[in-house]
Amino acid sequence: MKFGVVMFPGSNCDVDCFHVIKEVLKEEVEYIWHKEPLRESKRYDCIILPGGFSYGDYLRPGAIARFSNVMEGIIDFAEKGGLVLGICNGFQVLLEAGLLPGAMKRNKNLRFICDNVFVRVENNTIPFTLKCKKGQVLEIPIAHGDGNYHIDKKTLKEMKENNQIVFRYCDEKGEVSEATNPNGSIDNIAGICNRRGNVLGMMPHPERCSEEILGSADGKLIFDSIMKYLKGE
Amino acid sequence: MGKKVDYRELGLTDKEYQLIVETLGREPNDLELEMYGVMWSEHCSYKNSKPMLKRFPTRGKRVIQGPGENAGIVDIDDGQAVVMKIESHNHPSAIEPYQGAATGVGGIIRDIFTMGARPIALLDSLRFGELKSERVKHLFSGVVSGIADYGNCMGIPTVGGEVYFESCYTDNPLVNAMCVGIVNKKDIVRGKASGVGNPVMIVGALTGRDGIHGASFASEELSEDSEEKRPAVQVGDPFMEKLLLEACLEILKSGCVVGIQDLGAAGLTSASCETASRAGNGIELDVSLVPRREEGMTPREVMLSESQERMLVIVKKGRENEIEEIFRKWDLAAVTIGRVTDDGFLRVKDGDRVVAELPVKSLAEGAPTTVNESKQPAYIKDVQRIQYDQIPVPEDFNEVFLKLLASENICSREWIYRQYDHMVRTNTLVLPGADAAVLRIKGTKKGIALTTDCNGRYCYLNPLEGGRIAVAEAARNLVCVGAEPLAATDCLNFGNPKKPGVYWQFENCIEGMSQACEALNTPVISGNVSFYNESKEKAVYPTPVVGMVGLIRDINKIVTPGFKKEGDLIAVIGENHGGLDGSEYLRVIHGRVAGNPSIDLEKEKAVQKCCLEATKQGILNSAHDVSEGGLLINIAESCIKGGVGARIELDSEGKRWDEVLFGEAQSRIVVSLSEHNCKLLEKISEQVGCKVLIIGKVAGKKLIARVDGSTLVKQDVAEISRKWRERIKCLME
């Protein structure tokens, strides 16, 4: 299978995603430079928008990256059903590009937070979570200053009905409460997908916990799920 | 021309001015004088410290590059090397904490990638006043945010460091940033302007008016007027630096580059004359070609600007296009502004007009070193004398223990490092909060361990011993995680060197550090001196911060401080004597900063050997060095990190109970291991010649400490964990 990892100026988890695909999954992977339009001939199976500070987070995280040359092709790719995974800043870009609903605010405590947290899998039917159990708790790091997800009540209700909430912050037993919400995100939301389920945005970093030596390999479930889906197993 | 510049206002002495006139054979013009002023400032010339710095051992079989370059380099086998340096940004941070700290981080990162290395980790050594006043909280909060925002945006993990809160740092905080990079030995680059005729390019950010005279500002005491020097503080743009980093690493791969140097203190002036001086050449450049952020800048402003995120690159003739193209890809400017010459002069032109013409050797290296008067200050005798019979042994040890655990200097640093991305690049195997951070080297079984250390209070009480202890503790922290210490970098923070007492502290700290570096085989490969850390006539504690790197051959054998298994035995490697001198206990409980701390380097060596060998044999389940707060605080930390209790049984051997529990005597490491491995540990200790004493067991949910059969402390681990973790947050929010 062939993965593409987008490099925006200021991306910095691009190398981490690349490492997991190449060295852990042992799959084919390429960087995609933001200035070039996405070429269909490349035939990517999955495109990852990595974490980092694209364009220095100037204006708003993701606000400038969405105008990159590469984005038009990525929107096309997603509309045709291609798998798009946005992690952290990548999630923020997906929101700004309108591929996912809602917006990101500063963390409630107004500080950057880097920590290991727990998330509960709310939807295990999409390509990114096929190998998880519903309600499964994943231990996974977050590292962001703007992870306070916001959406209006009406849309949130629709998203719930459509099963678009994929991950919610919880404790190690899976209890979701205000105390387990690191950033003030509405409904403890940590990750969402589009209606069709082929575009996932998540604030936690699965690429940072895909090897046991890093303390948790729970993140590998996300990548393994993608592989399972792509291989049609 | 405006009024003639007065050399005295630039910090030059009469003697120095005369020397300049003699060297030039004429009076310097204003621009030339200003260039001398910044280059001969203490910050750039090390004129007050050079003679003493020669004392440091700087050679070793693993040393590839010692002091004198942008950063030091040490061999880690397999064709790979670690590049590292630590640097201060104290004065800017006192005036403008956020930008001061941020640009400190930015500067040290550039020093690393200038050598061709990929920066992989940051550490920060910080000192503030006690967390009581709003001003100190403002400084602390601003500095932490500044470090966080810069490092996080760069995608370089901030993996460690230390912070102390003591009243002597109230007006003059210390902000020392360390950066560590990895490079293949064959790709190392140096800051030399070689090859006559080669073009000289300026790359990266545009040049503005910010930071003019930053180097001079760093070379005087802080005063009421310092606030007015805010314009001397630079403004950082980590996004620009991220682009610069990637672009520079790309041009270095291209093979077009001869030499490269960061534009730091004294900006274009220092970068051009230092690269030329190292190569024994000259440089001619035209300031009118320098891309600018603002209109109407004078040659003086261009030459002295300390605008951040810029580099000087010396390129192979004819390959400028390749450089320009790579920088265009990253949307950055790269402009040829001059060329390397053979006449040994830095010739600055503004269009066709020559505006300055100075010999580079004199400018870069000619500042006359001064031998300062040195005298033991009067306070030393007073503070070292302490009569313990006048200090009462506490009645309630639980209360004392809880007070100590909540001390700002002991409690968890989580509030700080939670703001730093310490995981990006997915190499961090041991996260902040352990004795040392550990990073893996992808593609190998190796890892490196990193730490910074310095107890300024010990250095204040006894500079010689304090210097020895700073080095010893750094090395001890490394062996605790299973790493062999390789090399050190240092940041020497002191008061005004013209004061004999301060200079005496400086001399003695360096002597002590040198002795320890020799004993522990950790040469100093880079460093930085920061003098004039004074305000209102009061100097900070002498604070020679030591950064150290260690090598781990097998990352599967890393050891961490938390207790792992109930039933494990707890042992002390080293002699379990007390030592209340200079302790946090004396300060917090009795309000005394007193005593005469000391260390025996031979014993230290044996303890470190023992621990390192035990980690290699894989028999330790935890290891944690005894430092501030003493033995009981050490064990409490291992309980908290392991989420498990411990029972400790100690024999005072006639010593005071407070000394037994809270004394900070050096050369001790507390380890836990399964019972059947104890024999092995004892065997190792006999071989290396140090003691091992079993003092308790990992058990239950409580920490229980008994001395001479009396239960002195009994605490619920979950309860103390919460207090320890939330302390700084409670003070700050």
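Throughout, protein chains are lettered first and strands after them, A, B, ... in sequence-line order, and every chain is numbered starting at 1. For the numbers below, each heavy atom of this structure counts, side chains included, while hydrogens, waters and symmetry mates do not.
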Do [X] and [Y] touch side chain to side chain, with heavy atoms closer than 4.5 Å?
X: B/Arg418; Y: A/Cys114; answer: no
X: B/Val424; Y: A/Cys13; answer: yes
X: B/Arg440; Y: A/Leu214; answer: yes
X: A/Arg208; Y: B/Asp421; answer: yes

Fill in the blank from the handout: Of the listed A/Asn109, A/Val15, A/Ile113, the one with the largest count of heavy-atom pairs under 4.5 Å with chain B is A/Ile113
Exercise for the section: Walk me through it: do B/Phe239 and A/Phe53 pass the test ring-ring contact (aromatic ring centres under 6.0 Å, His included)? Expected result: CA-CA 8 Å; B/Phe239 173 57; A/Phe53 290 73; 9.7 Å; no
Handout entry: Contact listing (chain A partner; residues 240-254 of chain B; heavy atom under 4.5 Å)
Key = B/Lys242, B/Leu243
Is the number of heavy atoms from other residues, nucleotides or ligands within 6.0 Å of [atom1] ([X]) greater than 12?
X: A/Glu40; atom1: CD; value: no
X: B/Arg293; atom1: CZ; value: yes
X: B/Glu325; atom1: CD; value: no
X: B/Lys729; atom1: NZ; value: no
X: B/Lys329; atom1: NZ; value: yes

Exercise for the section: Determine the minimum heavy-atom distance between A/Gly56 and B/Cys153, stating which atoms define it. Expected result: CA-SG, 4.4 Å
Is [X] in contact with chain B via its backbone, its side chain, both, or neither, using a 4.5 Å heavy-atom distance?
X: A/His144; value: neither
X: A/Tyr58; value: side chain
X: A/Ser210; value: neither
X: A/Glu211; value: side chain
X: A/Asn107; value: neither

Go through [options] and name the one with the most non-hydrogen pairs under 4.5 angstrom from chain A.
options: B/Met154, B/Glu414, B/Gln419; result: B/Gln419
options: B/Trp415, B/Tyr420, B/Tyr417; result: B/Trp415
options: B/Thr428, B/Val430, B/Asp331, B/Asn556; result: B/Asp331

Problem - From NE2 (A/His19) to OG1 (B/Thr426), nearest 0.5 Å - result: 5.0 Å
Exercise for the section: Supply the atom-to-atom distance B/Arg425 CZ to A/Asn12 CG, rounded to the nearest 0.5 angstrom. Expected result: 8.5 Å
Exercise for the section: Please step through salt bridge (charged side-chain N to carboxylate O under 4.0 Å, His left out) for the pair B/Asp149 and A/Arg111, ending with a clear verdict. Expected result: CA-CA 10 Å; B/Asp149 285 359; A/Arg111 295 181 191 278; over 6 Å; no
Practice task
Can you tell which part of B/Lys442 gets under 4.5 Å to a heavy atom of chain A, answering side chain, backbone, both or neither?
Solution key: side chain
